[in-house]
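Below is one structure, written out as structure tokens; comments come after it.
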Amino acid sequence: MVKVTVWNEYRHERNDDKIAAVYPEGIHGQIASFLKEAGLDVRTATLDEPEHGLTEEVLNNTDVLVWWGHIAHKEVSDEIVDRVHQRVLQGMGLVVLHSGHMSKIFMKLMGTSCDLKWREAGEKERLWVMNPSHPIAEGIGEYIELEHEEMYGTHFDVPAPDELIFVGWFEGGNVFPSGSTYRRGNGKIFYFQPGHESYPTYYHPEIQKVIINGVNWCEPTKRAYPVYGRSQELEMIKREVLL
Ligand code: ZN
């Protein structure tokens, strides 16, 4: 069974009644609930817990980490970011949601500003499937329609993705690479754009399906971490020519 840790900064839901009404158990609570229903082994962690809930023990027992953050990216300690980064390189999967595009961990893995255009106008979004054979798009039709979502628009300053799974179109005219995959070291990363805190996006069955698929796709490959550094020759090397 895939072991998932859902991490959330958990600030909007505690500081704003309107957002608490959308996510009474927190965004992490809602995401954890549909991942559990899908048969995954799920725990949650939040920013204000000791070590942000991401102790060595927790991370060593996490196959896939799901990340939601927004207003408190800077409060995440560099030490924990380095720890998560190491785990990703060793093979832990990472699903970065919505405003997690500016999280320290995503920026470190991408190496770019990860900036984008945005607009909060409650507009409609239509997420088109770009890669219908990809496991992350399994069970999804030609597109997903969200009645209200925050606009994220291109240009999105990230490296070219390995695979582009969704392109989002917004009512106001912008488009965005809304679902994309990356590989870093032994680890797999899925970025998925929907999920602004004031909209009930994570109750949408098809959005849930994509996140479940994304978690399953990011599951670590069962192989040892590569060996780096000085390497012993595998056969005798004839040195006469050089000597
Ligand atoms: Zn947002």
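Indexing begins at 1, ligand by ligand and atom by atom, following the structure's order.
With hydrogens and angles left out, the side-chain atoms of E37 and Q208 include no donor and acceptor closer than 3.5 Å. In summary, the side chains of D157 and S113 do present a donor paired with an acceptor at a separation below 3.5 Å, with no hydrogens or angles considered.
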Identify each donor-acceptor pair in which a side-chain atom of residues 55-63 lies under 3.5 Å from a protein atom, sequence neighbours left out, and give them as a table.
unit_1 : atom_1 : unit_2 : atom_2 : d
T55    : OG1    : V58    : N      : 3.1
E57    : OE2    : N61    : ND2    : 3.3
N60    : ND2    : E56    : O      : 3.2
N61    : ND2    : E57    : O      : 2.9
T62    : OG1    : T5     : OG1    : 2.7
T62    : OG1    : V58    : O      : 2.6
D63    : OD2    : K3     : N      : 2.8

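Side chain of E9 to backbone of I71: a donor-acceptor contact under 3.5 angstrom is found.
In plain terms, the two heavy atoms of N131 and L164 that are nearest each other are CB-O, 3.5 Å.
Take the Zn ion (ligand 1) and draw a sphere of radius 2.8 Å; the protein N/O/S atoms inside it number 3.
Screening H148, E120, H70 against H196 for a side chain to side chain donor-acceptor pair (under 3.5 Å) leaves a single residue, E120.
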